[in-house]
2 protein chains.
Amino acid sequence: MVCYHAALIYWEPGAFMSETFYARVARDLAEGIASGRFPVGSRLPRELDLCTQYEASRHTVRAAIQELQGLGLVSRKKRAGTRVENSSSTRGYRQSLASVEDLVQFGAAHRRVVQNIGDVVVDRGLARQLGCAAGRAFLRISSLRLNGDADAPPIGWTDVYIDPAYAQLRDVIGEYPEVLINDLIEARYGRRIAEIRQDVQALALSAKLARALNAKAGAPALRIIRRYLDQAGEAFEISVTIHPADRFTFSMCLRRERG
Amino acid sequence: MVCYHAALIYWEPGAFMSETFYARVARDLAEGIASGRFPVGSRLPRELDLCTQYEASRHTVRAAIQELQGLGLVSRKKRAGTRVENSSSTRGYRQSLASVEDLVQFGAAHRRVVQNIGDVVVDRGLARQLGCAAGRAFLRISSLRLNGDADAPPIGWTDVYIDPAYAQLRDVIGEYPEVLINDLIEARYGRRIAEIRQDVQALALSAKLARALNAKAGAPALRIIRRYLDQAGEAFEISVTIHPADRFTFSMCLRRERG
DNA sequence: ATTGACAATATGTCCGGACATAAATATCAA
DNA sequence: TTGATATTTATGTCCGGACATATTGTCAAT
């Protein structure tokens with residue numbers, strides 16, 4: 001079975017948000033890693049050199065590296081320096097998505113094909129699934145998640161529910177992964193994400209979904225529900241992704257050595 | 001359906017490991033929260049007061065609070081101070097289990113009943129499941145996970161595979177949750193955990209497991225495989241837990257607001 | 001009573017420096 | 001060649017201070 005690691009991408013923030021110095025350093029280093037300037041297994045310049053390079057204090061440089069460490073991009077040892085980690089082993093889900101620049105994405109070869117966009121009103125069953133009040137209206141975008149291989153069966157089905165107030169985004173929504181929608185909402189409407197909560201469950205595939213996913217009805221599948229909450233604790237976007245069990249493993253790194 | 005949040009407990013380190021100052025402060029504050037000295041919703045003393053109280057610099061106090069923040073125990077706002085968070089909403093799985101003192105546990109009412117202890121040799125199928133080489137020998141401890149309610153069906157089944165070298169722990173193993181076994185190994189054998197990796201999958205219940213869990217064969221279930229790796233990347237403990245889909249949701253907090 | 005301006009405050013960011021510590025390397029002795 | 005020992009080095013921890021910024025609370029004006 002193919003195992004898909006959820007990957008992290010360091011995102012260039014829009015001009016609308018000011019960036020702190022250490023975040024700037026962190027992003028620059030992350031881009032250096034992504035671009036291959038710092039290959040996997042190589043060592044980052046030592047802290048003091050980074051200090052002179054960025055004209056920053058050691059404290060700032062350390063805060064930046066700490067960010068990368070939290071993302072699992074680098075590991076550190078006392079005398080050995082800061083090592084760039086292997087992506088395939090470190091691109092697991094990191095918890096401390098500290099800043100808005102962090103993006104969670106599927107593999108590089110991944111494609112997303114929008115199947116349907118329409119308005120829905122939450123009924124009793126959906127309300128329990130989404131964890132919101134019944135009767136609420138949403139704009140729902142349904143899409144298939146495909147691997148690079150055209151012949152391979154789809155790896156998942158995603159329903160994204162967003163507040164109808166943001167329906168103006170309808171045109172651009174199809175082109176972006178759902179996580180980006182939050183950035184769009186944040187940029188255009190100023191509604192900030194205060195918290196992202198995620199539930200992972202098992203379920204049996206419905207006949208309809210099984211048909212869409214080219215799988216057997218009743219087959220076990222993974223359901224990942226992600227809720228984007230604002231400061232009031234209200235969800236303004238909810239995404240539900242369903243992966244047939246034989247095509248997806250949700251992998252994460254719970255702890256990595258400090259040093 | 002009942003939703004079980006994986007909980008975090010701040011663990012008092014053994015005498016064998018030296019504690020840094022900021023970790024000491026963090027632990028003290030965490031114990032204050034756990035004991036109710038700092039009730040949920042209350043505010044922690046402000047940084048400068050903590051500085052005088054612990055006779056530490058503000059930098060150190062901030063490092064301690066940052067630890068608590070990473071664990072989801074507190075949230076901070078610029079003028080509003082540091083707030084103790086509601087356990088039920090913050091005890092979700094945190095990724096940045098920064099130090100050995102962190103423990104991951106199931107709910108308070110949870111019980112664990114050992115069903116079977118015995119030696120196994122890894123065959124082809126199990127090797128693929130565990131992600132280790134076939135032919136390797138393990139000591140396997142199988143146990144049921146029960147909720148407080150005696151009548152309720154079990155919420156899961158756990159197989160813990162540990163290196164036969166640690167078979168001397170056999171007597172005490174039954175009494176501790178599997179995560180503690182690592183601490184025992186670490187304390188007695190000095191083998192350090194360098195990394196914990198976790199995979200979450202869906203699967204259909206086998207007839208045997210279904211019988212043990214009082215569920216239907218073929219019913220969807222969640223499988224959580226956790227690997228404890230040493231510095232060489234070799235797993236010295238692997239735990240496999242299976243939860244029927246209707247009795248377990250794996251909930252986690254991906255991001256919480258910085259401020 | 002609502003709104004606006006202003007000051008107070010607690011956290012956020014950043015700087016400089018100092019010493020401790022673990023691990024890689026070099027050195028020397030057996 | 002092996003083994004123990006000393007040195008070097010890059011990160012870990014901790015201190016002190018300074019200014020920025022967001023939020024709250026207060027008070028005055030409409």
Side-chain angles (χ1 to χ4, degrees), chain A residues 13 16-29 38 42-70 73-85 98-101 190 192 194 231-232 256-259, chain B residues 13 16-29 38 42-70 74-85 98-100 190 192 194 231-232 256-259:
Chain A
F16 55 90
M17 59 177 68
S18 68
E19 199 177 25
T20 59
F21 193 16
Y22 76 86
R24 163 99 186 75
V25 174
R27 191 163 56 80
D28 196 63
L29 291 174
F38 301 125
S42 72
R43 277 177 40 181
L44 246 51
R46 48 185 260 243
E47 292 177 349
L48 289 179
D49 291 339
L50 291 175
C51 289
T52 61
Q53 180 181 334
Y54 289 104
E55 294 183 8
S57 77
R58 189 161 161 246
H59 188 87
T60 304
V61 167
R62 282 180 64 80
I65 297 179
Q66 204 171 7
E67 199 92 347
L68 300 185
Q69 199 179 4
L73 288 174
V74 300
S75 67
R76 327 188 70 190
K77 262 192 201 162
K78 261 207 178 156
R79 141 91 187 174
T82 305
R83 196 186 112 100
V84 179
E85 280 299 324
S99 51
V100 190
E101 302 94 53
R192 278 231 310 277
Q231 285 184 311
R256 188 178 299 281
E257 205 169 15
R258 236 210 266 247
Chain B
F16 55 91
M17 58 178 69
S18 69
E19 198 177 26
T20 59
F21 193 16
Y22 76 85
R24 163 100 184 74
V25 174
R27 190 163 57 80
D28 196 63
L29 291 174
F38 300 125
S42 72
R43 277 175 41 182
L44 247 50
R46 48 185 259 244
E47 293 176 349
L48 289 179
D49 291 339
L50 290 175
C51 289
T52 61
Q53 180 181 333
Y54 289 104
E55 292 182 9
S57 77
R58 188 159 162 246
H59 189 87
T60 304
V61 168
R62 281 180 64 80
I65 296 178
Q66 204 171 6
E67 199 92 347
L68 301 185
Q69 198 180 4
V74 301
S75 67
R76 326 188 70 190
K77 262 193 200 161
K78 262 207 175 156
R79 139 92 188 171
T82 305
R83 197 185 111 100
V84 179
E85 280 298 325
S99 51
V100 190
R192 278 231 311 278
Q231 284 184 313
R256 190 176 297 281
E257 204 170 15
R258 234 211 267 246

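Reminder, nothing fancy here: chain letters follow the sequence lines and each chain counts from 1.
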**Fill in**
B:Q66 atom CD is separated from C:dA10 atom C1', nearest whole Å, by 16 Å
**Prompt:** NZ of B:K77 versus P of D:dT23: gap in Å, rounded?
**Reply:** 7 Å
**Request:** May I ask you to evaluate whether B:R62 reaches the phosphate of C:dG12, defined as a side-chain N or O under 4.0 Å from OP1 or OP2?
**Result:** yes
**Asked** Starting at CZ of A:R24 and ending at C1' of C:dT13, how long is that distance when rounded to a whole Å?
**Response** 17 Å
**Item:** Distance test, side-chain N/O of A:Y22 to OP1/OP2 of C:dT13, below 4.0 Å
**Value:** yes
**Message:** Quick one, A:Q53 with A:L50, criterion side-chain contact (heavy atoms from CB on, under 4.5 Å). Give me CA distance, side-chain angles, the key distance, then yes/no.
**Reply:** CA-CA 5 Å; A:Q53 180 181 334; A:L50 291 175; 3.8 Å; yes
**Asked** Which residues satisfy the side chain to side chain contact (heavy atoms under 4.5 Å, CB included) test with B:R46, sequence neighbours excluded?
**Response** B:L48, B:D49
**Message:** Looking at every heavy atom in both A:C51 and A:R58, which two are closest together, and how far apart are they?
**Reply:** SG-CA, 3.3 Å
**Message:** Going by the rule side-chain hydrogen bond (donor to acceptor under 3.5 Å, both in side chains), which residues pair with A:R79 if we only count those two or more places apart in sequence or in a different chain?
**Reply:** none
**Asked** Between A:T82 and D:dT11, does any side-chain N or O lie under 4.0 Å from OP1 or OP2?
**Response** yes
**Request:** May I have the step-by-step check of side-chain contact (heavy atoms from CB on, under 4.5 Å) for A:T82 and A:L68, ending in yes or no?
**Result:** CA-CA 10 Å; A:T82 305; A:L68 300 185; over 6 Å; no
**Message:** Can you list, in residue-number order, the parts of residues 44-60 of chain A that come under 4.0 Å of DNA chain D, counting heavy atoms only?
**Reply:** A:R46, A:E47, A:R58
**Asked** More 5' along DNA chain C: A:F21 or A:R79, using each one's nearest nucleotide?
**Response** A:F21
**Request:** Starting from P on C:dT11, measure out to CG on B:L68 and report it in whole angstrom.
**Result:** 13 Å
**Request:** Identify the two heavy atoms, one from A:Y54 and one from A:F21, that lie closest to each other, and give their separation to 0.1 Å.
**Result:** O-CZ, 3.4 Å
**Asked** Tell me: CD1 of A:I65 to C1' of D:dT11, nearest whole Å?
**Response** 9 Å
